[in-house]
Amino acid sequence: MTHYPHNSLFPETDYFVLSTVYDAETNGAGIKLFDVERKKVIYTTDTYGHEPYCYSYEPLEKIQALNFPPETVKRIETIKKRNLLKESEDPLTKIITPTPSEVPKVRDIVGETWESRIKYHRNWIYDIQIVPGRRYWWDPDQNKFIPSQSKSHGLDIPKSVNNQLSKYSGLLEVFRDDFIQEIPDMPIVACDIETESIEGQIPQAADPKYPIICICFADNQGKEIALVLNRKERNKGIKPIDTSPHLQVERFDAEEDLLKRSFEILKQYTIITTFNGDNFDFPYLHERAKKLAKDLKIRIYSPIKWNRRDKSCDFKFGLHLDLYRFYHNVAIRTYAFGNRYQEETLDAIAQGILGIGKVALEKAIFDLSEWDLVYYCSRDAKITLDLLLFENKTPLNLIFILSRISRTPIDNLVRTSVSNWVKSLFFYEHRRRGCLIPNQEDIQIIKGTQASSKAIIKGKKYKGATVIDPVPGIHFNVAVLDFASLYPSIISTFNLSYETLLCSHEECQKNKVPQTGYWVCEHNRGIVADVIGFIKDVRVQWLKPEAKKESSQKEFYQILERSLKVLINASYGVLGSDRFQFYCLPVADATTAYGRDAIEKAIQKSQALDISVLYGDTDSLFLHNPTKEQINEIIKWSKEELGVGLEMEKIYRYLVFSERKKNYFGVYPDSSVEVKGLMGKKRNTPSFLQKGFREVLAILAQVTTKEEFDEAKKQVINLIRGIYQKLEKKQYSAAELAITTQLTQPLHRYKVQAQHVKAANQLNEYYKKKNIDLVKAGQLIRFIKTRTTDRVTPLLLMTDISKVDVKAYKSMIDSTFDQLFGALDIEVEEIATGQVNLMEFFS
DNA sequence: GCGGACTGCTTACCT
DNA sequence: ACAGGTAAGCAGTCCGCG
């Protein structure tokens with residue numbers, strides 16, 4: 001049954017599509033829309049009469065002979081679809097079911113089916129061609145959403161770019177509005193809850209035995225509300241001096257009234273954001289409300305829909321975005337935020353991104369005075385809001401743009417990883433072109449699972465990038481050239497796609513991929529190459545130049561550019577991941593083979609031009625003191641001969657290499673320092689060493705000439721000597737000496753009793769006695785090297801500072817600074833090259 | 001019983 | 001739950017050694 005919304009619900013105004021969901025009542029697609037005029041969420045169901053289906057290669061008669069009852073199969077048709085792998089227009093049997101839940105039943109009986117595992121409401125998006133995050137108006141005559149032309153950003157695509165992008169089979173027309181359309185201004189609120197509990201135990205929604213004592217809200221109109229439970233046993237305390245002046249505090253004697261009020265507030269907003277609300281705040285709030293209702297025999301209506309299977313919480317008339325999930329996403333962390341945070345806690349992310357952390361606590365949350373509790377909780381709500389809206393809504397805009405391009409509902413985008421986004425984009429594009437979406441096995445059977453190359457690392461499937469041995473020493477005036485988006489460029493330029501690699505044409509076999517036995521099709525443009533090439537070119541040809549120009553649109557261009565960067569940078573990786581539906585090992589293998597070919601040829605070319613190459617990694621060349629002409633020459637050569645763009649990335653005033661790859665530091669002309677890979681920068685280096693390392697770099701950053709090194713070196717020696725002495729006198733605190741290592745798997749899975757594993761076991765013994773939650777995978781373990789049987793002691797259990805293993809820490813100081821000195825001394829030539837040991841150095 | 005050479009495990013980084 | 005390449009530290013094993 002299709003539910004047509006009453007026209008009064010649908011004034012002829014504009015809507016932004018936020019999300020689609022499975023609608024249990026109609027057993028169809030449910031759509032969440034943002035009503036631009038009334039600034040609220042409208043929920044409706046399919047008005048298009050779209051039907052669930054899947055495909056089979058069995059002829060119509062064979063499917064008919066299966067005698068499906070009408071409640072399982074509604075209709076069977078023969079249609080034609082293009083099969084890219086076979087290069088044919090194939091007749092397929094389309095099996096149409098009355099409801100989405102029948103599709104799996106058909107799949108079980110028919111056996112091999114296609115497109116039967118795509119969620120129905122996602123199918124709806126691909127078929128109706130409605131784009132999440134985009135603007136539509138409602139046409140009551142047609143009962144349809146019509147795309148709305150809106151350009152409030154004032155963005156447009158220049159003619160020249162337009163022409164360059166027109167080669168991509170109509171993609172510009174399809175995606176143009178994704179880029180240029182504005183992001184709606186919606187009511188947004190952040191929410192955080194605090195509960196009563198006992199030391200060391202984290203409350204669980206499965207057993208919501210502790211009262212909720214505080215719920216805080218912060219919205220994008222500047223309103224901040226704190227709901228707090230009056231507890232006789234807690235004093236009011238003193239209002240902290242920098243409590244937000246906007247904060248409105250509401251006190252409740254009864255918890256149930258506090259909860260009811262919180263639901264009232266939540267219902268007013270379109271976007272509700274939390275940090276870990278999918279797994280803690282909302283499940284707990286929901287279950288606590290249920291428990292109170294039952295215990296007190298009253299009615300409390302919770303608007304929270306807790307989906308235990310998906311581990312998510314949602315609202316029918318609102319969209320929940322859990323920022324923990326978003327910031328946890330590896331592609332977002334690395335490409336959108338440049339690894340500005342290394343831990344996925346609210347505090348670490350807020351520190352890294354906003355420069356503001358959580359309120360530091362001296363006692364447990366439930367022991368705080370009322371004002372301190374409100375202060376703490378409201379700060380959490382505020383920084384959560386800021387993590388969605390900082391820098392003119394950068395993260396929210398990023399989410400919208402990625403949703404549009406990947407045809408992924410906004411809330412789903414936040415909860416899923418980049419491979420799902422790329423998969424969704426490819427699903428959409430196959431549908432749009434009338435191509436059958438292949439099953440993963442289809443690609444594997446035809447293209448094979450055997451790599452043409454041999455990986456250097458044991459256990460990897462194929463060979464990756466080339467890394468050049470660095471020339472150790474100090475090098476002044478170093479230019480770094482980078483291949484622009486190397487792998488995506490290769491995929492596009494060399495037409496790499498699951499159907500074009502190892503194609504069936506004899507005549508294409510001469511079109512070889514270097515260093516492999518592969519060949520690539522010369523007749524057909526690959527779908528993967530086309531889509532990736534398009535997105536890469538939109539970014540390179542249009543967005544990157546615009547993002548550099550001074551204009552009122554600059555900021556939005558930058559966000560667009562970053563969104564595409566996320567998709568582009570991850571696109572090669574997913575093709576080499578066997579969990580990805582379009583996984584094609586030969587494509588990934590060929591991509592890196594072309595990459596190795598490019599960097600290797602570029603090195604030869606540099607040498608032919610008499611430029612010395614100091615280092616190179618994957619897509620970069622570090623050139624010593626090249627002239628402008630030499631650089632121009634090699635850039636020109638690359639475009640013409642390799643078909644891949646090479647760009648001047650940066651210049652270092654000087655650069656210091658040791659003999660190690662992926663380890664160096666450089667100083668820019670403005671004296672800023674960049675460090676790569678060195679121990680002093682790693683998060684498992686104790687903080688006293690990280691600090692010493694930073695101080696040494698600060699001294700070296702001041703150096704502008706070779707002559708100044710002697711002076712700088714003396715200072716550095718003094719500094720390091722100071723660190724030695726402080727260590728020997730045991731003047732460093734346990735916290736400064738602590739080594740922080742992540743427990744990446746559950747304790748029982750470790751095959752080796754590594755130091756952090758031993759420390760974790762000690763912690764667990766202690767926790768068991770105290771009846772506190774045990775360590776979990778993902779947690780950071782802090783420990784100190786000690787002269788004890790385990791050789792380690794957890795920071796938490798460190799009582800006797802005299803147990804510190806001074807010898808072990810001395811060798812850590814050694815190896816940290818040897819990385820720098822090894823390189824410096826070769827140039828300074830005061831000490832023999834090779835293994836210069838700091839201990840010898842001082843004697 | 002103990003140290004050196006070796007392998008493998010583990011983490012954190014680079015592109 | 002996107003890829004492979006590199007460095008480092010340490011656990012564990014084997015071997016030799018009157």
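In the text below, chain A, chain B and the rest are named by the order of the sequence lines, each starting its count at 1.
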Measure [atom1]/[X] against [atom2]/[N] and give the value in whole Å, please.
X         : N       : atom1 : atom2 : answer
Ile532(A) : dA3(C)  : CD1   : P     : 15 Å
Leu585(A) : dA3(C)  : CG    : C1'   : 11 Å
Asn663(A) : dT11(B) : CG    : C1'   : 15 Å
Arg749(A) : dT11(B) : CZ    : P     : 11 Å
Asp617(A) : dG5(C)  : CG    : P     : 11 Å
Leu496(A) : dA3(C)  : CG    : C1'   : 15 Å
Phe665(A) : dC14(B) : CZ    : P     : 15 Å
Asp818(A) : dA7(C)  : CG    : C1'   : 14 Å

First encountered from the 5' end of DNA chain C, between Lys460(A) and Ser811(A): Lys460(A)
If you pin Lys751(A) and Lys454(A) to their nearest nucleotides in DNA chain C, which one's is more 5'? Lys454(A)
[X] side-chain N/O to [N] phosphate OP1/OP2 under 4.0 Å:
X         : N       : result
Gln742(A) : dA12(B) : yes
Ser815(A) : dG9(C)  : yes
Ser620(A) : dT15(B) : no
His756(A) : dT11(B) : yes
Ser417(A) : dC2(C)  : yes
Tyr664(A) : dT15(B) : yes
Lys423(A) : dC2(C)  : no
Gln342(A) : dC13(B) : yes
Lys661(A) : dT15(B) : no
Lys662(A) : dC14(B) : no
Thr592(A) : dG4(C)  : no

When you measure from the side chain of [X] to the backbone of [Y], do you find a donor-acceptor pair of N or O atoms at a distance under 3.5 Å?
X         : Y         : result
Arg562(A) : Ala336(A) : yes
Asp619(A) : Ser485(A) : no
Asp589(A) : Ser452(A) : yes

Taking only the side-chain heavy atoms of [X] (C-beta and beyond), determine which of [options] contains the nearest atom.
X         : options                   : value
Arg660(A) : dG4(C), dT10(B), dA8(C)   : dA8(C)
Thr618(A) : dC10(C), dT15(B), dA12(B) : dT15(B)
Tyr335(A) : dT11(B), dT6(C), dC2(C)   : dC2(C)
Ile457(A) : dC2(C), dC9(B), dT6(C)    : dT6(C)
Val467(A) : dC2(C), dA8(C), dG5(C)    : dG5(C)
Lys676(A) : dT15(B), dA3(C), dG9(C)   : dT15(B)

Which part of the nucleic acid, if any, lies within contact of [X], taking any heavy atom under 4.0 Å across all strands shown: a base, the sugar-phosphate backbone alone, or nothing?
X         : value
Tyr487(A) : nothing
Val330(A) : base
Thr591(A) : nothing

Just grab all the salt bridge (charged side-chain N to carboxylate O under 4.0 Å, His left out) pairs involving residues 775-785 of chain A, residues at least two apart or on different chains. none
When you measure from every atom of DNA chain C, which of residues 559-575 of chain A have a heavy atom less than 4.0 Å away? Ala570(A), Tyr572(A), Gly573(A), Val574(A)
Going by number, which of residues 681-690 of chain A have a non-hydrogen atom under 4.0 Å from DNA chain C? none
Specify whether Phe582(A) and Tyr498(A) have parallel, tilted or perpendicular ring planes, treating 30° as the upper limit for parallel and 60° as the lower limit for perpendicular. tilted
Steps toward ring-ring contact (aromatic ring centres under 6.0 Å, His included) verdict (Tyr327(A), Phe275(A)): CA-CA 10 Å; Tyr327(A) 280 98; Phe275(A) 194 85; 7.6 Å; no
Cation-aromatic face contact Arg407(A)/Phe175(A), 6.0 Å, 45 degrees: yes
Salt bridge flag under 4.0 Å for residues Asp314(A) and Arg415(A): yes
Assign each of Tyr750(A) and Val675(A) to its nearest nucleotide of DNA chain B by heavy atoms, then name whichever residue's nucleotide is nearer the 5' end. Tyr750(A)
Option among Asp322(A), Asn279(A), Asn307(A), Asp278(A) that satisfies the side chain to side chain contact (heavy atoms under 4.5 Å, CB included) test with Cys313(A): Asp278(A)
Which pair of non-hydrogen atoms, one from Thr618(A) and one from Leu486(A), has the smallest distance, and what is that distance? O-CD2, 3.6 Å
Taking the side chain as every heavy atom from C-beta outward, state whether Ile611(A) and Val613(A) have any pair of such atoms under 4.5 Å apart. no
Would Tyr664(A) and Phe622(A) count as a ring-ring contact (aromatic ring centres under 6.0 Å, His included) here? Give the steps. CA-CA 12 Å; Tyr664(A) 59 87; Phe622(A) 289 60; 5.4 Å; yes
